[in-house]
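All remarks here apply to the structure that follows.
Quick caveat, the model's predicted, so the values are computed rather than measured. Throughout, protein chains are lettered first and strands after them, A, B, ... in sequence-line order, and every chain is numbered starting at 1.
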Protein chains: 2
Amino acid sequence: MDAAAEVFAEHGFRNATVREICQRAGANVAAVNYHFGDKASLYAAVLAELSRLAQDRFPSDAGLDDNATPRQRLTAFIRSFLQRVLSEDLSARHGRIMAREMVEPTEALDRMARDYIQPQADLLRDILRDLLPPGTDPALTRLCGLSIVGQILFYAHCRPVLQRLQPEGAFAVPELDRLAEHITRFSLAALDALGRHNATTPRGRSGTRPALPR
Amino acid sequence: MDAAAEVFAEHGFRNATVREICQRAGANVAAVNYHFGDKASLYAAVLAELSRLAQDRFPSDAGLDDNATPRQRLTAFIRSFLQRVLSEDLSARHGRIMAREMVEPTEALDRMARDYIQPQADLLRDILRDLLPPGTDPALTRLCGLSIVGQILFYAHCRPVLQRLQPEGAFAVPELDRLAEHITRFSLAALDALGRHNATTPRGRSGTRPALPR
DNA sequence: GCGAGTTTGAAACGGTTGTTTGAAATGTCA
DNA sequence: TGACATTTCAAACAACCGTTTCAAACTCGC
């Protein structure tokens with residue numbers, strides 16, 4: 001399974017070959033079918049195991065006590081999410097596999113969305129509900145959540161592009177601490193401002209919002 | 001080439017088959033090798049053509065006159081970027097192919113990064129330089145650019161996931177107009193706040209920034 | 001130490017891939 | 001029309017894929 005995780009992370013489900021997996025594991029080609037039934041079941045087993053590892057290595061509420069403020073909870077959420085996505089050790093394979101799965105879904109994505117992604121989405125929604133003024137349009141809350149997740153997943157999806165951009169290293173992936181700090185600051189600043197404008201007209205569409213430049 | 005663009009967008013370079021391309025084009029299997037040399041050259045030709053189409057259908061300065069403000073230029077940049085990525089017509093194929101290329105690069109990505117992505121990155125950097133106070137740390141400018149691009153590309157990369165999230169449709173992809181407006185508002189709010197805090201200590205690291213919650 | 005149950009191994013199978021081949025069809029121009 | 005170049009076509013090729021087969025090797029309770 002360790003070898004399989006490596007190969008799946010490198011090539012994706014479809015392009016990974018059981019021959020390479022078995023070779024890297026020092027096993028025979030028939031081993032996969034004997035122990036797991038087929039390639040797809042091995043993939044499912046690897047994915048489940050990696051999700052479990054990533055989840056309890058970087059829990060979303062890392063270092064929070066019971067009465068943490070919403071701001072603290074968002075900070076922890078962003079940081080642990082980034083760690084799961086960017087960390088170079090075991091869970092890096094989880095991040096790479098998930099990134100591929102999002103762009104090119106297999107049947108495994110349905111279960112991942114339900115068991116792994118949905119709870120994260122619910123958690124973020126709850127944090128944002130506490131962070132934004134009461135009565136905030138749920139659609140706005142949702143959009144803010146997507147803006148935050150987007151900033152994070154960007155580094156999971158686009159690393160190959162960042163590495164190719166000039167000038168040398170200027171667009172390289174920043175170190176994780178610096179990155180988590182920036183995304184948190186950027187997002188909190190936006191949430192504060194959007195919350196302020198929205199609090200005055202909890203149900204209004206955009207009447208009192210500052211007009212966008214045209 | 002039209003059939004090829006379709007099939008490449010659906011399955012990616014590696015998983016697309018010349019047989020399906022030729023069948024969809026009503027041509028013989030040998031046609032690809034006869035007219036383009038090999039599968040990779042056809043892919044390169046398709047990618048170049050789609051980039052050209054997307055670029056002059058949704059130029060980054062759509063509807064701007066010469067003395068547009070930085071805020072207007074950012075608004076136009078975000079909107080046209082989103083259109084290139086999400087629009088359902090021709091350029092949808094370009095968006096899907098680019099998304100795949102970012103997660104699973106082929107040799108074609110090197111040229112795309114240089115000729116297509118780099119100019120966009122330079123443009124966004126210039127806009128942000130005008131938008132943030134003079135003396136802003138270039139690293140911060142860069143991070144803000146990545147935050148903005150991340151929010152946009154998220155919808156290109158994660159649509160399959162969004163469609164699978166409960167509750168029904170609540171996390172579906174919002175319509176483009178609403179989305180462009182949100183990302184612009186979210187980003188401008190963050191830029192304004194970060195600019196304010198940073199302007200007081202143009203070169204300082206984080207001394208006077210509001211402390212993050214722990 | 002032995003025999004039933006489990007695991008491994010080399011080889012092969014059927015299927016799909018990108019590419020090549022060489023003949024047939026089509027187009028071009030005197 | 002007749003010659004020549006260009007394009008299409010069905011068929012085949014070699015390589016690789018996931019999976020199966022079945023004999024050999026191993027494990028472990030007795």
* To do: Considering only heavy atoms of chain B and a distance under 4.0 Å, specify the first and last nucleotide of DNA chain D in 5' to 3' order that meet this criterion.
  => D:dT6 to D:dA12
* Indicate yes or no for a side-chain donor-acceptor contact from A:Lys39 to the backbone of A:Val32 under 3.5 Å, with no hydrogens or angles considered. => no
* Scan residues 36-47 of chain B against DNA chain C and write down, sorted by residue number, each residue with any heavy atom closer than 4.0 Å; if none is found, say none. => B:Asp38, B:Lys39
* B:Gln72 side chain vs B:Thr69 backbone, donor-acceptor pair below 3.5 Å -> yes
* Asked: Can you name the side chain to side chain contact (heavy atoms under 4.5 Å, CB included) partners of A:Arg24, sequence neighbours left out?
  -> A:Ala3, A:Glu6, A:Val7, A:Glu10, A:Glu20
* Asked: Would you call B:Arg52 and B:Asp56 a salt bridge, taking side-chain N to carboxylate O under 4.0 Å as the test?
  -> yes
* Look only at the side chain of A:Arg96 and the backbone of A:Ala9, and say whether a donor-acceptor pair between them is shorter than 3.5 Å. => yes
* Asked: Is B:Asp130 salt-bridged to B:Arg73, going by a charged N under 4.0 Å from an acidic O?
  -> yes
* Is there a donor in the side chain of B:Glu107 and an acceptor in the side chain of B:Tyr43, or the other way round, less than 3.5 Å apart? -> no
* To do: Would you work out how much the helix from C:dG1-D:dC30 to C:dG27-D:dC4 bends between its ends, with each end axis defined by five base pairs, to 10 degrees?
  => 10°
* To do: Using side-chain hydrogen bond (donor to acceptor under 3.5 Å, both in side chains) as the criterion, list what pairs up with B:Ser80, not counting sequence neighbours.
  => none
* Would you check if there is a donor-acceptor pair between the side chains of B:Arg84 and B:Gln120 at a distance under 3.5 Å? => yes
* With distance as the sole test, does B:Asp61 use its side chain to make a donor-acceptor pair with the main-chain N or O of B:Leu64 at under 3.5 Å? -> no
* Can any side-chain N or O of B:His157 pair as donor or acceptor with the backbone N or O of A:Val103 at less than 3.5 Å? -> no
* **Ring centroid separation A:His94 to A:Phe8 under 6.0 Å** => no
* Nucleotide-resolved protein contact map, nucleotides 4-11 of chain C, B/S/- at heavy-atom distance under 4.0 Å -> --SBBBB-
